[in-house]
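Take a look at the structure set out below.
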Amino acid sequence: MTSTPHNERPEDEDEDGIVQIHGTRPLKLIEKIVLTRIWDSPYWKEETFGVSTATLIDKAVEITSIGGTYGNQRVTNFLCLVAKLLMLQPEIDIIEEYIKDEDFKYLRALGAFYIRLVGTPVQVYTLLEPLLNDYRKLRYRGRTGYKIICMDEFADDLLTQERVCDIILPRITQRHALEELGDLQPRVSKLEGELLENMESEEDSGDKDENDKMIEDSAESSKKSATAELLSRTANSATVSEHSVTTKTKSESKSTEFELGAKKPKHYKSSKVSKLFSKKFEPTDEDFAELEQASTSKKNKNEEKAKGDSLSIDETNKIRAQLGLAPLK
């Protein structure tokens, strides 16, 4: 006789209506001998009776350590609460809130241990890997007494070890296999993220240094160009000055020859100078003094004009000395 659809049980429920986990009853995830010690524990009998999913949080925030068995094969309060969660079978969303709670570290540790027992591999890696960045200290009670571990160490044991808190953990698929199947993205640890940020900042710094170097090279090139232009101008000025001095010297020589020469130019009509070219006139000392004064006045005018047009030889030599060049002769 076949049962009607409304009487059918889900595939993961047994005859008592208990949802199976990994193909077995939840409490069977704990070894029978350990489970027997939990039933005999005073904490189980006194504190967990009548506890619901909502009131179990109050019990979780009161515990002061984690662990399995200690002393004369006694079980910790932490392990009693794990067994109570396996009996209550709360929704995964509620356990996620346990794990995300940052105020109560032992409540977070309880949720992490429970999700490792009942969760799928994807849920385990997704919910436990963020705990690797939690460095808060936990008291672990074992057979030899108390010791201090950190939350990230506890999460790493849940992901990598076969037995934690004297409970054999269900096997889970390796992470790299889930990555190859596309169920998980490659994990980037906090340290790797910092290294990548440092490498990016160094690359940005290198680009900035290259830009600064290009700017410095451009400035140095402009400076060299300006120096070359200044040298060119100085050389041109010195050439003009030499030409002016040469022209001035030739002009003075021609003027002297013109004033004291034996021939009289046709266009020269000065009465005093014309006397010098007259056969009947004999020049006196006064005439020579006037001619010399006129020649000196003309020479001064030529020097002033040369000074106004270009640099003198002394000024040119000063500039060349500042630039490290040989002076003009």
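K137 places no side-chain N or O within 3.5 Å of a backbone atom of I148 that could act as its donor or acceptor partner. Distance alone, capped at 3.5 Å, places no donor-acceptor pair between the K147 side chain and the Y140 backbone. Side-chain N or O atoms of T160 include one that pairs as donor or acceptor with a backbone N or O of D156 at under 3.5 Å. Side-chain atoms of H22 come within 3.5 Å of backbone atoms of L117 as a donor-acceptor pair (strictly under, hydrogens ignored). Listed for the Q123 side chain is a donor-acceptor partner under 3.5 Å among the backbone atoms of T120.
The closest side-chain heavy-atom distance from I30 to I38 is below 4.5 Å. With a 4.5 Å cut-off on side-chain heavy atoms, Y98 and P90 do not count as touching. Contact check for L85 versus F113: no side-chain heavy atoms found under the 4.5 Å cut-off. Under the 4.5 Å side-chain criterion, counting only non-hydrogen atoms from C-beta, C165 is in contact with F154. Contact annotation: the side chain of V118 never approaches that of P26 to less than 4.5 Å [non-hydrogen atoms, C-beta and beyond]. Between Q174 and L178 the shortest side-chain heavy-atom distance does not fall below 4.5 Å. Looking at heavy atoms from C-beta onward, Y43 lies in side-chain contact with L81 at the 4.5 angstrom threshold. The side-chain heavy atoms of L169 and L29, taken from C-beta on, include no pair separated by under 4.5 Å.
Here the closest non-hydrogen pair linking Y106 and R139 is OH-N, 3.1 Å. The shortest heavy-atom contact between A155 and L132 is CB-CD2, 4.1 Å. In terms of heavy-atom proximity, A109 sits nearest to I66 at CB-CG2, 4.2 Å. Considering all non-hydrogen atoms of both residues, I115 and A112 come closest at CG2-O, 3.2 Å. Heavy atoms only, all atoms of each residue included: C80 and V75 are closest at SG-CG2, 4.0 Å. Residues Q161 and V164 approach most closely at CB-CG2, 4.1 Å, considering heavy atoms.
From I95, atom CD1 reaches atom CG of L127 across 10.0 Å, with rounding to the nearest 0.5 Å. Summarising the geometry, atom OG1 belonging to T126 is positioned 9.0 Å from atom CD belonging to E96; distances are rounded to the nearest 0.5 Å. With rounding to the nearest 0.5 angstrom, the OG1 atom of T173 is 11.5 Å from the CZ atom of R171. Here CZ of R37 is found 8.5 Å from CG of N72. Values are rounded to the nearest 0.5 Å. Here the NE2 atom belonging to H176 is positioned 10.5 Å from the CG atom belonging to L181, to the nearest 0.5 angstrom. Atom OH of Y125 is separated from atom CD of Q185 by 15.5 Å, given to the nearest 0.5 angstrom.
Shown here is E162, whose CD atom has no more than 12 heavy atoms of other residues, nucleotides or ligands within 6.0 Å.
Residues L35 and I33 share a single hydrophobic cluster, defined by chaining ILVMFWY side chains whose heavy atoms lie under 4.5 Å apart. I92 and L158 fall within a single hydrophobic cluster, where Ile, Leu, Val, Met, Phe, Trp and Tyr are joined by side-chain heavy atoms under 4.5 Å apart, directly or via other members. Using a 4.5 Å cut-off between side-chain heavy atoms of Ile, Leu, Val, Met, Phe, Trp and Tyr, with links allowed through other members, L27 and W44 fall into the same hydrophobic cluster. Using a 4.5 Å cut-off between side-chain heavy atoms of Ile, Leu, Val, Met, Phe, Trp and Tyr, with links allowed through other members, L79 and M87 fall into the same hydrophobic cluster. The hydrophobic cluster containing I21 also contains V122, counting ILVMFWY residues as joined when their side-chain heavy atoms lie under 4.5 angstrom apart, directly or transitively.
Between the side chains of Q20 and R25, no donor N or O sits under 3.5 Å from an acceptor N or O.
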T69 vs R74, test: side-chain contact (heavy atoms from CB on, under 4.5 Å). Steps then yes/no.
CA-CA 5 Å; T69 59; R74 296 181 180 180; over 6 Å; no
Let's go through R141 and F78 carefully: what are the C-alpha distance in whole Å and the side-chain angles of both, what is the deciding distance for side-chain contact (heavy atoms from CB on, under 4.5 Å) to 0.1 Å, and is it a yes or a no?
CA-CA 10 Å; R141 190 172 191 179; F78 176 81; over 6 Å; no
Residues L159, R116; criterion side-chain contact (heavy atoms from CB on, under 4.5 Å); working and verdict
CA-CA 8 Å; L159 292 172; R116 177 62 181 86; 5.6 Å; no
Mind running side-chain contact (heavy atoms from CB on, under 4.5 Å) on S52 and L88 for me, showing each step along the way?
CA-CA 7 Å; S52 64; L88 295 173; 5.5 Å; no
Identify every side-chain donor-acceptor pair in residues 56-65 under 3.5 Å, counting partners at least two apart or on other chains, and give the distances.
residue : atom : partner : partner atom : Å
K59     : NZ   : E47     : OE1          : 2.7

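Between D134 and R108 a salt bridge is recorded (basic side-chain N to carboxylate O distance below 4.0 Å). Under 4.0 Å is where a charged nitrogen must lie from a carboxylate oxygen, and between R175 and E129 at least one such pair does.
Remark: R143 fails to qualify as a cation-pi partner of Y70 under the 6.0 Å distance and 45° angle criteria applied to the six-membered ring.
The salt bridge (charged side-chain N to carboxylate O under 4.0 Å, His left out) search around R163 returns E31, not counting sequence neighbours.
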